[in-house]
There are 2 protein chains.
Amino acid sequence: MVKYQSQDLDAVFSALGDPTRRAILARLALGEASVGDLAAPHEMSLPAVSKHLRVLETAGLLRKEKDGRVVRCRLEAEPLRDAAAWIAEYRRFWEAQLDALAGYLEGLDEEV
Amino acid sequence: MVKYQSQDLDAVFSALGDPTRRAILARLALGEASVGDLAAPHEMSLPAVSKHLRVLETAGLLRKEKDGRVVRCRLEAEPLRDAAAWIAEYRRFWEAQLDALAGYLEGLDEEV
DNA sequence: CTAATAATAAACCAAATGGTTAAGTATCAA
DNA sequence: TTGATACTTAACCATTTGGTTTATTATTAG
């Protein structure tokens, strides 16, 4: 059983709470990239991006590998599993709401 | 199609990045609760909890309903759907890692 | 009406966050 | 060896966050 540590979820969810970092992860989902590659699309300084990478790394979502003077970054999606598992606990609540909507729409049908 | 706004995900993921707020959501999953009920298990002042509730409310994860002088709070899980959907994009990455692990363990078996 | 209860608002504070620029460290190329 | 390239570190700054205590505002109970 995978028991997640509360502080891990803190780090993962917090890391995901920033659009720049989500964009970086999305880019990494397409494949490995250097720090420079990851920084390019963003209108901010390289150190700023470097900090975001550090946050992702600390959350366990990114792995760096130094290769000469370029640092290659890989997505490490495994921590997302616990995040997804946590969220999944609440699935029935939003599904219930969808069911209610379906019921409502069905009711409308009958009125036609 | 449910197209999620980046800023909504910001709010939802950020809201989930705090253990007190996740605990509150977990409590709400058990059923409606007043602000006082929600505050009780936490070693912090009522205003502090009130602020957390505000954050959850802003993220769309909580709905308040005033009933006399007590405010009843309900879980509103629907925004978690988009969060889960976002994370799901990365599922194959952690599954790949699990596959690799399985392969490795299989290899070990053969060596016995 | 008065007092207690439930919750929010306001004012404040320390620490964390997200950005900047400038300096420093490896590494590769000429 | 001398630059240029690819980053990271350091120092700084403004804003946000997460907490506090002290009012305030509604509402119910006596």
Side-chain angles (χ1 to χ4, degrees), chain A residues 6-28 31-76 79, chain B residues 6-28 31-76 79:
Chain A
S6 177
Q7 70 234 41
D8 294 348
L9 281 182
D10 289 2
V12 170
F13 280 130
S14 298
L16 297 183
D18 181 279
T20 301
R21 287 192 292 261
R22 285 199 309 278
I24 288 172
L25 292 182
R27 166 66 188 80
L28 285 177
E32 253 186 24
S34 71
V35 172
D37 289 344
L38 293 175
H42 301 285
E43 292 189 336
M44 65 180 71
S45 66
L46 199 55
V49 171
S50 197
K51 280 192 189 178
H52 282 301
L53 297 181
R54 170 76 58 96
V55 172
L56 290 170
E57 199 179 11
T58 299
L61 291 165
L62 180 136
R63 237 187 81 202
K64 291 181 186 170
E65 195 158 346
K66 190 162 182 184
D67 193 7
R69 65 183 162 180
V70 55
V71 173
R72 288 177 303 130
C73 302
R74 283 181 56 240
L75 174 63
E76 200 68 60
Chain B
S6 177
Q7 70 234 40
D8 293 349
L9 281 182
D10 288 3
V12 170
F13 280 130
S14 297
L16 297 183
D18 181 279
T20 301
R21 287 192 292 260
R22 285 199 309 279
I24 288 172
L25 292 182
R27 165 65 188 78
L28 285 177
E32 254 185 23
S34 71
V35 173
D37 289 343
L38 293 175
H42 302 284
E43 292 188 336
M44 65 180 70
S45 65
L46 198 56
V49 171
S50 197
K51 281 192 189 179
H52 282 300
L53 296 181
R54 170 77 58 96
V55 171
L56 290 171
E57 197 178 13
T58 300
L61 291 165
L62 181 137
R63 237 187 82 203
K64 291 181 187 170
E65 194 157 347
K66 191 162 183 187
D67 194 7
R69 64 180 164 184
V70 56
V71 173
R72 288 177 303 130
C73 302
R74 283 181 56 240
L75 173 63
E76 200 69 60

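Proteins come first, then strands; the chains are lettered A, B, ... in the order of their sequence lines, and each starts at number 1. Heavy-atom basis, side chains included; hydrogens, waters and symmetry copies ignored.
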task: Measure the distance from CG on A:D37 to C1' on D:dA6 and round it to the nearest whole Å.
output: 11 Å
- prompt: For A:L53 and D:dA6, what is the distance between atoms CG and P respectively, to the nearest whole Å?
  reply: 16 Å
- request: Taking only the side-chain nitrogens and oxygens of A:K66, find out if one of them lies under 4.0 Å from OP1 or OP2 of D:dT8.
  value: no
query: To the nearest Å, how far apart are B:K51 NZ and D:dT21 C1'?
result: 11 Å
- line: Closest non-hydrogen contact found for A:V71 with A:K64 is CG1-CB, 3.8 Å
- prompt: Base, sugar-phosphate, or nothing: which does A:R21 touch, judged by heavy atoms less than 4.0 Å apart?
  reply: sugar-phosphate
message: How close do A:L28 and A:C73 get, counting heavy atoms only, and between which atoms?
response: CD2-O, 3.4 Å
message: Looking at B:E57 and B:R63, is there a salt bridge between them, counting it only when a charged N and a carboxylate O are closer than 4.0 Å?
response: no
- line: Whole-Å distance, A:R72 CZ to D:dA6 P, equals 15 Å
pair B:D10-A:D18: side-chain heavy atoms closer than 4.5 Å: no
- prompt: Which parts of residues 38-47 of chain B get close to DNA chain C, meaning a heavy atom less than 4.0 angstrom away?
  reply: B:L46, B:P47
Student check: side-chain heavy atoms of B:L75 and B:L62 closer than 4.5 Å: no
field: Donor-acceptor contact present, side-chain A:R21 to main-chain A:S14, <3.5 Å
entry: yes
message: Taking side chain to side chain donor-acceptor pair (under 3.5 Å) as the cut-off, I'd like each qualifying pair that reaches into residues 32-51 of chain B, sequence neighbours left out, listed once.
response: B:E32-B:R72, B:S34-B:D37
message: What is the separation between atom CZ on A:R69 and atom P on D:dA4, rounded to the nearest whole Å?
response: 12 Å
Heavy-atom pair with the smallest gap, counting every atom of A:G68 and A:K66: O-CE, 3.3 Å
query: Just the endpoints, please: which first and last nucleotides of DNA chain C, 5' to 3', lie under 4.0 Å from a heavy atom of chain A?
result: C:dG18 to C:dC28
